[in-house]
Colleague: 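Here's a structure for you.
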There are 2 protein chains.
Amino acid sequence: MLVGDRIRLSDVARAAGVSLATASKALNGSGRMTAETRERVRQAAEAMGFRPNAMARALSSQRSFTVGLLTNDGYGRFSMPVMAGVAEALVDQGVSVFMCGIEDDAALGRLHVEAMLDKQVDGIICSGKRIDRRLPVDLSDLPVPVVYVFTDAPEGAVSLVSDDAQGAREAAEWLAGLGRRRLAHVTGPASFASARERARVFREVTGPDSTVLHGAWSEAWGHEAVARLWDGSAPPPDGLFCGNDQIARGAVDALRERGVAVPGDVSVVGFDNWEIVAAATRPPLTSIDMNLKDLGREAGRLMLALSEGRAVEPGVRRQPCRLVVRQSCGGGSAR
Amino acid sequence: MLVGDRIRLSDVARAAGVSLATASKALNGSGRMTAETRERVRQAAEAMGFRPNAMARALSSQRSFTVGLLTNDGYGRFSMPVMAGVAEALVDQGVSVFMCGIEDDAALGRLHVEAMLDKQVDGIICSGKRIDRRLPVDLSDLPVPVVYVFTDAPEGAVSLVSDDAQGAREAAEWLAGLGRRRLAHVTGPASFASARERARVFREVTGPDSTVLHGAWSEAWGHEAVARLWDGSAPPPDGLFCGNDQIARGAVDALRERGVAVPGDVSVVGFDNWEIVAAATRPPLTSIDMNLKDLGREAGRLMLALSEGRAVEPGVRRQPCRLVVRQSCGGGSAR
DNA sequence: ATGAAAGCGCTAACAT
DNA sequence: ATGTTAGCGCTTTCAT
């Protein structure tokens, strides 16, 4: 990486013996010319280590090859994988990602959106941490396309979420497939659309009377739920599908404390596949992964299409989850 | 946020009855003119909702008002707070942050650095997840300034890390101040400079013979260490300083399992103050916070200085940690 | 104190 | 098939 004056397009053009315009077209694959000429220019650019000045290019082409990624997820639990996916999808096209954390601060959100617009981003990807809440920014009527990921989106927007129903079905069927018959679902507050949807599907698989317990998204709730299930008069479950890995962790800890064997007596499936929690649980948790990086990658692709003016069907796209098998269920290896 | 043609500087100039040049200078606080003129232009710009085109500005001024943030921290545990701090320090100056995750992929790193350079970033902040390892990219000889955060940096670079020594001292003295006399330190591998440094200071405070146990940065190691300490012939500790919150969590769990009361019989301090772990531990962990956001904020300030051509003393700057009191130590409230 | 004019490096009509 | 030229919107000498 050397300092020194950068090579300009005019240098390349001169070296290749063509005009500025031809050089531009040759390198951008636009215009019309002999393959030979195009190649000669390419070679010259390559040889001279030409890197186009993105600012100049943006100024004249009205495309900055930059997209903004807005997130309210302060810990990056959801947005980091999404960002990695977005970047992966776009890096080949020379597009980079402006990431801005705004927490739930509307003023900060406005500030960052304006900054993005000033920087002429080609589009904004808005990513959240739950699918039924919005970020505190109004992204309608923007002069650039917007893609929503893992957040609630306005009518008619392009949006991407993980498929809660399919994920819940994977989990429930995995437990059933292991021969577990008395299944219970311990999950987060019913105020979360994801919790309701997963519960709905869980019941669809396990029967309308099966047990669903709503509580907090916490280890403490996992604990408490186990107490309720095991201290009641009904026979306790032999399979537990938990709404997230923290609940699952709390449940597994509680079971160990009361001498119930996991996976011997009970199989437990978590949700999120949060490595740091799932792997540290004893035994490590089998869990549903939302494939957030794939979500990001797809968001990147859609953004690319939009910013090139290609049409994209609006609406909510659901991307599949996958089951990650560890040891909390016993039984088979990966499906 | 309305669509429609953006107001250009020329529009503002016309409205204020001055030339383009004067308008530019008025808004940038440069040049010489009556305060009255400057104000008139400001008002006009304000009234018309003028937002300068960042690309055009960058093209002519050679400053993009953009900095790149490179990180190899895939989970964002360290880099998200750092990014938030950086952004906070820069947002007022109209500077935004390009964030790129590169994991430990040298090729990806090169790619992103080149992309940043093409985009004419004013500087690059390179942030890692341990202070004695580098990212797989060579950032020397770049045509822009570089600031290193929470990562090893080349000789003569500007670099920022949290103060392990001071953090460890806080922890040890807090335990001592609580009247704990038999202290032990359970931490990560001695191959980590941070682990060695904290252990050194721990011994400095507690005496050269006090117990230091190196192992993995995991809950499992916390468990095992407790087994070693409590199953030995020596009287067990009454105060435990753990190298991170996961170790502390493992230790606390192990202690509960063997009926040792925390904080009744033993006080435990963690490190990192990773909310998700510290708060879920029973009892919640008192822990050392590395103030990563402050680290980021300071990195932002330094970058600003550098990119404005102000001189910055090279070398490693250590930023203080702070003790966050929860319930795993008993005793007082916040210091 | 203010303004005219020359770029910054590139793209995209429009000519040839 | 290739080249000429006029911008993109702003900053910045250099005149006045």
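Computed over heavy atoms, backbone and side chain alike; hydrogens, waters and symmetry mates excluded. In what follows, chains are A, B, ... by sequence order, proteins preceding strands, each numbered from 1.
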Colleague: Does this structure show an ion pair linking A/Arg317 with A/Glu298, if we count only N-O contacts that are shorter than 4.0 Å?
Modeller: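 So A/Arg317 does not pair with A/Glu298 through a salt bridge.
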Colleague: Which heavy atom of B/Val146 sits nearest to which heavy atom of B/Leu142, and what is that distance?
Modeller: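 Minimum heavy-atom separation between B/Val146 and B/Leu142: CG2-CD2, 4.2 Å.
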Colleague: Note the angle between the end axes of the helix from C/dA1-D/dT16 to C/dT16-D/dA1, five pairs defining each, rounded to 10 degrees.
Modeller: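 Rounded to the nearest 10 degrees, the bend comes out at 40°.
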Colleague: How close do B/Asp118 and A/Ala54 get, counting heavy atoms only, and between which atoms?
Modeller: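 Closest heavy-atom pair between B/Asp118 and A/Ala54: O-CB, 3.1 Å.
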Colleague: Could A/Arg57 and A/Phe65 be counted as a cation-pi pair, given that NZ or CZ must be under 6.0 Å from the ring centre and within 45° of the axis?
Modeller: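 Yes, a cation-pi geometry holds between A/Arg57 and A/Phe65.
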Colleague: B/Lys119 has an atom NZ; how far is it from atom P of C/dC10, in whole Å?
Modeller: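 Rounded to the whole Å, the gap is 15 Å.
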Colleague: If I take atom CZ in residue A/Arg63 and atom C1' in nucleotide C/dA12, what distance separates them, rounded to the nearest angstrom?
Modeller: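 One finds 15 Å between C1' of C/dA12 and CZ of A/Arg63, rounded.
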Colleague: Is there a donor-acceptor pair closer than 3.5 Å between any side-chain N or O of A/Thr37 and the backbone N or O of A/Met33?
Modeller: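 Looks like no, no N/O pair under 3.5 Å.
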Colleague: Let me have a per-nucleotide readout for nucleotides 8-16 of chain D, 5' to 3', with B, S or -, counting only protein heavy atoms under 4.0 Å.
Modeller: BBBBBB---
Colleague: From A/Arg77 CZ over to B/Met80 CE, what is the distance, rounded to the nearest 0.5 angstrom?
Modeller: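 One gets 12.5 Å once the value is rounded to the nearest 0.5 Å.
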Colleague: Between C1' on C/dG9 and CG on A/Leu27, what's the gap in Å once rounded to a whole number?
Modeller: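 That distance rounds to 13 Å.
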Colleague: Are OP1 or OP2 of C/dT2 and a side-chain N or O of B/Thr34 less than 4.0 angstrom apart?
Modeller: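 Yes, such a contact exists.
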Colleague: Might you point out which heavy atoms bring B/Ser79 and B/Asp73 nearest each other, and give the distance in Å?
Modeller: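 What the structure gives for the nearest pair is N-OD2, 2.9 Å.
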Colleague: For the pair A/Ser96 (side chain) and B/Phe98 (backbone), establish whether a donor and an acceptor sit closer than 3.5 Å, ignoring hydrogens and angles.
Modeller: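 No, the answer is negative, given that no donor and acceptor are paired below the 3.5 Å cut-off.
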